[in-house]
Amino acid sequence: MAAHRKSAHRKPKQRPFTGPAARTAATLALAGAATATSATGAGAAPAEPVPTAAQVRAKVDRLYHDAEVATEKYNGAKEKEAAATKAVDTLADEAARRTDRLNTARHTLGSMATAQYRTGALDPAVQLALSSDPDSYLERAAHLDRAGDRQAGLLSSIRRQLSGIARVKARADQETEALAARRAELDEHRTAIRTKLADARKLLATLTAAERAAYERSADAAHGGGPAAPADRAVAGAHADRAAPRSSVAAPNSRAARAVAFAHGAIGKPYVWGATGPNAFDCSGLTQAAWQAAGVSLPRTTYTQINAGRRVSRSELAPGDLVFFYSGISHVGLYIGGGQMIHAPRPGAPVRIAPIDQMPFAGATRVA
């Protein structure tokens, strides 16, 4: 009896898990270990370093420069898109005119065929034999021979016209494909500009009000603006540079003088990418408009404007010369003498006077 009670209270022997139970236990154990490791790792992960105000300003400047590079590419693509559109429209007009001429020729040929059908059912010899007035018949036959010659010429003309229309339509198809490519390129550059500017605005928003004001002051100084406070610039920024004394260096000719005068009149107007005036400009849009006012047509982009005249060295600069910056020729201003230029700097910075030594000088061109 005692032995029975002892065996009744004996602890049952533990059996190891096997089969599905073993796999479930292993999975839970691994999950617990992974959770513990993750929690430990999360606590030990280094925090992302917060950029300093100087680093933010440097990155914003790079983004603005990248946006300007994209703007000049956009301007070039815009020119190509306009040329492709004009080519497609011209070819469409030509095809329409050729089609009208073809339809006229076909109508004439149809009328001739109808007349022949009505009078040409019998062999000409039979018609002559049966005619009560042979002389009249022979006269009509001579007219028919001439009509036949005209008909043959008309058929040949129709064949040529059909071939010509086919060539025009083939060219139109090619130009339409080119136009689609130009528009895709345009969209690509437009997207790049908007992305760069949006990123710049987001970065600026991470600065304090004081840091943003300091950045604007430094940017104004770098681009020729004065040290005015933001509130002062909001009131007088559009006119501050307009009141600046003009250079005493005379323009080399009347056209250069008119270009410089136009640029002075544009001071204070906003920078807008892709704009050529009269109320807003980007950098190459300003120089193009200034020289257009002087009666000289310039191409649209910085990298084409640099080849629009005679290259001059920095020591030879005279008012009216175009001055270019950065290795990719992505910025341009109009030289006004005394080491100064008028240019459209960037979004948020209106057209203004600036020293030419504030950016990497890339070359200069004398237009006229």
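Please read all numbers here as calculations on a predicted model, not as lab measurements. Heads up: numbering here begins at 1 and tracks the sequence.
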Review point. Step by step, would you call Thr301 with Thr304 a side chain to side chain contact (heavy atoms under 4.5 Å, CB included)?
Key: CA-CA 5 Å; Thr301 64; Thr304 51; 2.6 Å; yes
Please check if the side chain of [X] supplies one atom and the backbone of [Y] the other of a donor-acceptor pair under 3.5 Å.
{"X": "Glu94", "Y": "Leu91", "result": "no"}
{"X": "Thr104", "Y": "Asp100", "result": "yes"}
{"X": "Lys269", "Y": "Pro350", "result": "no"}
{"X": "Trp291", "Y": "Gly320", "result": "yes"}
{"X": "Arg366", "Y": "Glu316", "result": "yes"}

Could you grab the distance from atom [atom1] of [X] to atom [atom2] of [Y], nearest 0.5 Å is fine?
{"X": "Leu186", "Y": "Glu79", "atom1": "CG", "atom2": "CD", "answer": "11.5 Å"}
{"X": "Asp61", "Y": "Asp66", "atom1": "CG", "atom2": "CG", "answer": "11.0 Å"}
{"X": "Asp321", "Y": "Arg311", "atom1": "CG", "atom2": "CZ", "answer": "12.5 Å"}
{"X": "Lys59", "Y": "Thr206", "atom1": "NZ", "atom2": "OG1", "answer": "10.0 Å"}
{"X": "Lys169", "Y": "Gln174", "atom1": "NZ", "atom2": "CD", "answer": "15.0 Å"}

Point to revise | Salt bridge Glu216-Arg212, side-chain N to carboxylate O under 4.0 Å | key: no
**Study point:** Note: Lys86-Asp89 ion pair, threshold 4.0 Å (strictly below)
**Key:** no
Practice item. Check whether the ring centres of His331 and Phe324 lie less than 6.0 Å apart, and answer yes or no. Key: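 Here the rings of Phe324 and His331 have centres that are no less than 6.0 Å from each other.
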[Y] versus [X], side-chain donor and acceptor atoms under 3.5 Å:
{"X": "Ser284", "Y": "Glu72", "result": "yes"}
{"X": "Gln305", "Y": "Thr287", "result": "yes"}
{"X": "Glu68", "Y": "Thr71", "result": "no"}

Point to revise | Single-linkage hydrophobic cluster, 4.5 Å side-chain cutoff, Ile329 and Val69 together | key: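 Each belongs to a different hydrophobic cluster.
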Are side-chain heavy atoms of [X] and [Y] found at a separation under 4.5 Å?
{"X": "Phe325", "Y": "Phe361", "result": "yes"}
{"X": "Val296", "Y": "Arg255", "result": "yes"}
{"X": "Leu197", "Y": "Tyr64", "result": "yes"}
{"X": "His264", "Y": "Ile342", "result": "yes"}

Exercise for review: For residues 175-184, pull every pair meeting side-chain hydrogen bond (donor to acceptor under 3.5 Å, both in side chains), keeping only residues two or more places apart or in separate chains.
Suggested key: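 Qualifying pairs, neighbours excluded: Glu81-Arg183, Arg182-Glu185.
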Exercise for review: Provide the full list of salt bridge (charged side-chain N to carboxylate O under 4.0 Å, His left out) pairs with a residue in residues 290-302, sequence neighbours left out, each pair given once.
Suggested key: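 Only Asp282-Arg300 qualify under salt bridge (charged side-chain N to carboxylate O under 4.0 Å, His left out).
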Check your understanding: Checking Arg57 against Tyr215: charged group under 6.0 Å from the ring centre and within 45 degrees of the axis?
Key ->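 No; the conditions do not both hold, so Arg57 does not lie above the ring face of Tyr215.
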Point to revise | Full working for salt bridge (charged side-chain N to carboxylate O under 4.0 Å, His left out) between Asp187 and Arg190 | key: CA-CA 5 Å; Asp187 287 341; Arg190 184 188 290 115; 2.5 Å; yes
Review point. Under the side chain to side chain contact (heavy atoms under 4.5 Å, CB included) criterion, do Val351 and Tyr271 qualify, and how do the steps go?
Key: CA-CA 7 Å; Val351 175; Tyr271 177 105; over 6 Å; no
Exercise for review: Could you check whether the rings of Trp273 and Tyr74 sit parallel, tilted or perpendicular, using 30° and 60° as the cut-offs?
Suggested key: perpendicular
Review point. Can you name the closest pair of heavy atoms from Val332 and Leu322 and give their distance?
Key: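 Taking every non-hydrogen atom into account, CG2-CB, 4.2 Å.
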